[in-house]
Amino acid sequence: MPELPEVETIARLLREGGEGQPSLLGCTIRDFDLLWPGTLAEPAPRQFRHLIIGQEFKAIDRRGKFLVFELSNHYLLIHLRMSGDILVGEGEQPLGEYSRLALYMENGVQLSFNDARKFGRAWLVEDSQSVLGKLGPEPLDESFTAEAFHRRLQARRRQLKPLLLDQSFLAGLGNIYVDEALHLARLHPLTLANNLSRRQAGNLLAAIRQVLREGIRRNGSSIDWVYRGGDFQNQFRAYQRTGEPCPECGTLIERIVVAQRGTHICPQCQPSPSFP
DNA sequence: CACGAGACCTGTTCGC
DNA sequence: TGCGAACAGGTCTCGT
């Protein structure tokens, strides 16, 4: 499910609460259930139990697509991967069929990490950099300049789509927002990164920021059963719009496969690079 | 360094 | 109607 805007939306909800949902801040962990052992990346369950009980939620943030929970003495990091979601409620609620890890707070608040496909992972670590250390820059960080982005692109001879999906190159983009950003920037996904001009790099960074900000403003995208709440899916320019008209020129959107991922382009606005 | 294939999982949708 | 194939918001590892 979640790319940067969806994770940002979830982090904000967990931090601030909303619609009858309590904030997690200030909650102290009393107990937990690990329903699918593979969900816990580290440490081992015994050690996890020993460490996490009694810790309080001090801060809740996002880095790339990771949820970052600062506890009293450790960081709890959660990656939702394809189908993960975090549900928080008050009182004893029945856990859903797809609950993989549940945390119970002393004040009755309960958190459930739901994940149908079981790809999601949680880490409890002292040093968050041990998990987050290889992530690239945050695209919305204003101190990350177009010049720096251009330099980063120049250093790689790689197709734009797989490069933008690479979290060590830039943190937070996934299949939806890459397709949307490339369409907005009028760049073909197979274009080689080191072929971009300074101006094209600037346009691409601006396009990335525009689609991410719009995604956040609309509380993310919800498709199928996986995520509820957002409505950015109604603004898609290219993603999952195969056979529908391009919003810029009316040409029908095509679906191709790039880096084993479904990829959506306007063949008119995003012409093939000359020598991919 | 870059790329493709396969693995990890389950659920929904598509095509015959 | 039924049933297998294809596909899905992600990332890791391995071989070339």
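Numbered from 1 within each chain, the chains take letters A, B, ... in sequence-line order. The shown structure was predicted, so the numbers you read here are calculated from the model rather than taken from an experiment.
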Item to complete: Could you tell me the separation between the CG atom of L80(A) and the C1' atom of dT11(C), rounded to a whole number of Å?
Response: 13 Å

Fill in: Connected via hydrophobic side-chain network under 4.5 Å: L124(A) and Y75(A)
no

Fill in: From CA spacing to verdict: side chain to side chain donor-acceptor pair (under 3.5 Å), R186(A), N203(A)
CA-CA 9 Å; R186(A) 306 176 75 88; N203(A) 286 344; over 6 Å; no

Worksheet item: Can a side chain N or O of Q167(A) be found less than 4.0 Å away from OP1 or OP2 on dT11(C)?
Response: yes

Item to complete: Between dA8(C), dG10(C), dC9(B), spot the one nearest the side chain of Q240(A), thanks.
Response: dA8(C)

Worksheet item: Under 30°, 30 to 60°, or over 60°: which ring-plane class applies to F66(A) and W123(A), parallel, tilted or perpendicular?
Response: tilted

Discussion item. When the P atoms of dG9(C) and dC14(B) are compared, how many Å lie between them, rounded to an integer?
Written reply: 15 Å

Item to complete: Please determine which of L165(A), V211(A), V258(A) meets the side-chain contact (heavy atoms from CB on, under 4.5 Å) test together with V178(A).
Response: L165(A)

Response to the item:
From CZ of R81(A) across to P of dA7(B) the rounded distance in Å is 17 Å

Fill in: E214(A) bridged to R218(A) by N-O distance under 4.0 Å
yes

Worksheet item: Whole Å only: how far is the CG atom of L35(A) from the P atom of dT10(B)?
Response: 14 Å

Response to the item:
From CG of D85(A) across to C1' of dG9(C) the rounded distance in Å is 12 Å

Fill in: Complementary nucleotide of dG9(C), counting Watson-Crick and G-U pairs under 3.5 Å
none

Practice prompt. Look at all strands and tell whether R255(A) reaches a base, only sugar-phosphate, or nothing, counting heavy atoms closer than 4.0 Å.
Written response: sugar-phosphate

Discussion item. Just to be sure I understand the rule, does Y177(A) reach a base, reach only the sugar-phosphate, or reach nothing, if contact means heavy atoms closer than 4.0 Å?
Written reply: nothing

Item to complete: May I ask whether F119(A) stacks on the base of dC8(B), given the cut-offs of 5.5 Å between ring centres and 30° between planes?
Response: yes

Worksheet entry | Residues R213(A) and E142(A) bridged, charged N to O under 4.0 Å | yes

Discussion item. Output the rounded distance in Å from CG (L212(A)) to P (dG9(C)).
Written reply: 16 Å

Discussion item. Output the rounded distance in Å from CG (L190(A)) to P (dA2(B)).
Written reply: 15 Å

Worksheet entry | R121(A) side-chain N/O to dG10(C) phosphate OP1/OP2 under 4.0 Å | no

Discussion item. Please confirm whether the shortest side-chain N or O distance from H79(A) to OP1 or OP2 of dT11(C) is below 4.0 Å.
Written reply: yes

Worksheet entry | Contact under 4.0 Å: R117(A) side-chain N or O vs dG11(B) OP1/OP2 | no

Worksheet item: Taking atom P in both dA6(C) and dA5(B), what distance in whole Å separates the two?
Response: 14 Å

Worksheet item: K118(A) side chain: which of dT11(C), dA2(B), dT10(B) is closest?
Response: dT10(B)

Fill in: Y98(A) side-chain proximity, nearest of dT11(C), dT10(B), dC9(B)
dT10(B)

Worksheet entry | D166(A): which of K134(A), R152(A), R158(A), K161(A) passes salt bridge (charged side-chain N to carboxylate O under 4.0 Å, His left out) | R158(A)

Item to complete: Name the pairing partner of dC3(C), where a pair is Watson-Crick or G-U wobble with both distances under 3.5 Å, or state none.
Response: dG15(B)

Item to complete: Write down the distance between CG (N175(A)) and P (dC7(C)), rounded to a whole number of angstrom.
Response: 13 Å

Worksheet item: Picking from dT11(C), dC9(B), dG9(C), which would you name as closest to the side chain of W36(A)?
Response: dC9(B)

Worksheet entry | Gap in Å between the two P atoms, one belonging to dA7(B) and one to dA5(C), rounded | 15 Å

Worksheet item: What's the closest nucleotide to the E97(A) side chain, out of dC3(B), dG11(B), dT11(C)?
Response: dG11(B)

Item to complete: Could you tell me the separation between the NE2 atom of H264(A) and the C1' atom of dC7(C), rounded to a whole number of Å?
Response: 10 Å

Practice prompt. Please figure out whether Q260(A) or R156(A) has its closest DNA chain B nucleotide nearer the 5' end.
Written response: R156(A)

Worksheet item: Looking at dC3(B), dC9(B), dT11(C), which one has an atom nearest to any side-chain atom of R158(A)?
Response: dC3(B)

